[in-house]
Amino acid sequence: MKKDLILCLSALMMLIIGISISSCSSSEENTNGEKPIIDVYPVEFTFTLTDSEGNDLLDSAYSGNILKEISVSYHGKEYSPMTDKEFDESWQANVGTRMYVAFFKGLILRASGRPSSDYKFYLLFGEFDGMENVDWREITLNLPNDQHINFAYMHSYKGNEYDLPEIHTQFYMNGQELPAEIGGKYGYFRLQYSNTGKFELIPVASQTNSQ
């Protein structure tokens with residue numbers, strides 16, 4: 001009896017998998033006349049901020065946090081960090097399409113979700129369409145003690161609905177091209193408040209766009 005139940009469950013699972021594969025294949029083969037969809041990850045500016053002792057300056061539980069002193073200026077508007085609740089509400093309000101569409105949310109404060117990380121929170125500014133060719137897009141990160149750092153990127157996208165696209169992104173700080181290890185490729189910037197009273201970029205062992 002138990003063996004028969006296991007066999008029935010196995011058959012049901014294979015049927016479900018078969019239907020899923022068939023559905024994907026029909027979409028890929030374009031039998032319904034629709035063009036296949038290629039998702040392109042959006043372009044974002046990502047920031048972590050710590051002090052020289054390793055304290056996370058974006059953690060509201062830390063008494064020395066700078067959450068009320070940080071913002072981003074973009075196209076004449078200043079953006080302060082949004083809460084996780086505001087982020088979730090804005091995200092849910094724009095879900096509803098199979099294709100991923102970049103949605104500009106402003107400056108978002110998010111938990112890292114990685115307990116082993118040396119920072120608990122990070123900031124995202126964006127999103128910007130990854131299929132848009134950008135000659136130069138610049139923002140200004142406003143920090144305590146009247147510090148202002150300009151970040152920018154250039155982005156090229158070349159492709160169509162049927163081939164994998166060719167994508168190239170290069171980030172800059174204060175007009176200077178950045179190497180990959182300090183954010184030049186993915187726009188992931190680790191800023192540390194040094195003993196000199198200035199925020200400085202520090203290298204990252206492995207740059208990724210996934211937090």
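A quick note: this is a predicted structure, and the numbers were derived from the prediction, not measured.
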Enquirer: Determine whether the aromatic ring centres of residues F125 and Y79 are separated by less than 6.0 angstrom.
Expert: yes

Enquirer: Determine whether the aromatic ring centres of Y188 and F47 lie less than 6.0 Å apart.
Expert: no

Enquirer: Can you tell me how far CZ of R190 sits from CD1 of I182, rounded to the nearest 0.5 angstrom?
Expert: 13.0 Å

Enquirer: Count the heavy atoms of every other residue, nucleotide or ligand shown that sit under 6.0 Å from CG of D135, and state whether that count exceeds 12.
Expert: no

Enquirer: Show the nearest heavy-atom pair for residues L57 and F199, with the distance to one decimal.
Expert: CD1-CE2, 3.8 Å

Enquirer: Given side chains that start at C-beta, do those of I149 and N174 come closer than 4.5 Å, heavy atoms only?
Expert: yes

Enquirer: Can you tell which of W136, F45, Y172 makes a ring-ring contact (aromatic ring centres under 6.0 Å, His included) with Y153?
Expert: F45

Enquirer: How about L107 and S80: do any of their side-chain heavy atoms sit closer than 4.5 Å?
Expert: no

Enquirer: Hey, quick one: are I66 and V72 part of the same hydrophobic cluster, counting side-chain heavy atoms closer than 4.5 Å, chains of contacts allowed?
Expert: yes

Enquirer: Nearest 0.5 Å, please: how far is CD in E44 from OG1 in T169?
Expert: 11.5 Å

Enquirer: Nearest heavy-atom pair of E200 and S194: which atoms, and what distance?
Expert: OE2-OG, 3.6 Å

Enquirer: Does the side chain of K198 reach to within under 4.5 Å of the side chain of Q147, using non-hydrogen atoms?
Expert: yes

Enquirer: Give the intermediate values and the outcome of side-chain hydrogen bond (donor to acceptor under 3.5 Å, both in side chains) for residues N55 and T50.
Expert: CA-CA 5 Å; N55 296 304; T50 56; over 6 Å; no

Enquirer: Looking at CD1 of I167 and NZ of K158, how far apart are the two atoms once the value is rounded to the nearest 0.5 Å?
Expert: 13.0 Å

Enquirer: Do Y119 and S112 come close enough that some side-chain heavy atom pair is under 4.5 Å?
Expert: yes

Enquirer: Might you point out which heavy atoms bring Q192 and I202 nearest each other, and give the distance in Å?
Expert: CB-CG2, 3.9 Å

Enquirer: Quick one, L141 with L191, criterion side chain to side chain contact (heavy atoms under 4.5 Å, CB included). Give me CA distance, side-chain angles, the key distance, then yes/no.
Expert: CA-CA 11 Å; L141 181 65; L191 289 158; 3.5 Å; yes

Enquirer: Would a single hydrophobic cluster contain both V134 and F128, if residues Ile, Leu, Val, Met, Phe, Trp and Tyr are joined by side-chain heavy-atom contacts under 4.5 Å?
Expert: yes

Enquirer: Would you say that L58 contacts L67 through its side chain, given a criterion of any heavy-atom pair below 4.5 Å between the two side chains?
Expert: yes

Enquirer: Check whether any side-chain heavy atom of L123 sits under 4.5 Å from a side-chain heavy atom of L49, and report yes or no.
Expert: yes

Enquirer: Could you check if a side-chain atom of I139 sits within less than 4.5 angstrom of a side-chain atom of S73, using non-hydrogen atoms only?
Expert: no

Enquirer: Testing the basics here: between N65 and D59, what is the closest heavy-atom pair and its distance to 0.1 Å?
Expert: CB-O, 3.2 Å

Enquirer: To the nearest 0.5 Å, tell me how far Y41 OH sits from Y186 OH.
Expert: 11.5 Å

Enquirer: For a 4.5 angstrom cut-off between non-hydrogen side-chain atoms, does Y157 reach P165?
Expert: yes

Enquirer: Could you tell me whether a side-chain N or O of D56 sits under 3.5 Å from a main-chain N or O of F121, the two making a donor and an acceptor?
Expert: yes

Enquirer: Would E127 and V43 count as a side chain to side chain contact (heavy atoms under 4.5 Å, CB included) if you check the C-alpha gap in whole Å, the side-chain angles of each, and the deciding distance to 0.1 Å?
Expert: CA-CA 6 Å; E127 305 165 330; V43 181; over 6 Å; no

Enquirer: Which of parallel (below 30°), tilted (30 to 60°) and perpendicular (above 60°) describes Y74 and F104?
Expert: tilted

Enquirer: Restricting to salt bridge (charged side-chain N to carboxylate O under 4.0 Å, His left out), what partner residues turn up for E132, sequence neighbours left out?
Expert: R137

Enquirer: Between atom CG of N150 and atom CE of M173, what is the distance when rounded to the nearest 0.5 Å?
Expert: 10.0 Å

Enquirer: Which heavy atom of I70 sits nearest a heavy atom of P81, and at what distance?
Expert: O-CD, 3.5 Å

Enquirer: Nearest 0.5 Å please: distance from the CG atom of L143 over to the CD atom of E69.
Expert: 9.5 Å

Enquirer: Closest heavy-atom contact between T140 and H148?
Expert: CG2-CB, 3.9 Å

Enquirer: Looking only at side-chain N and O atoms, does E78 offer a donor or acceptor that is under 3.5 Å from a partner on S71?
Expert: yes

Enquirer: Using 30° and 60° as the class limits, which term best fits the ring planes of F171 and F189: parallel, tilted or perpendicular?
Expert: perpendicular

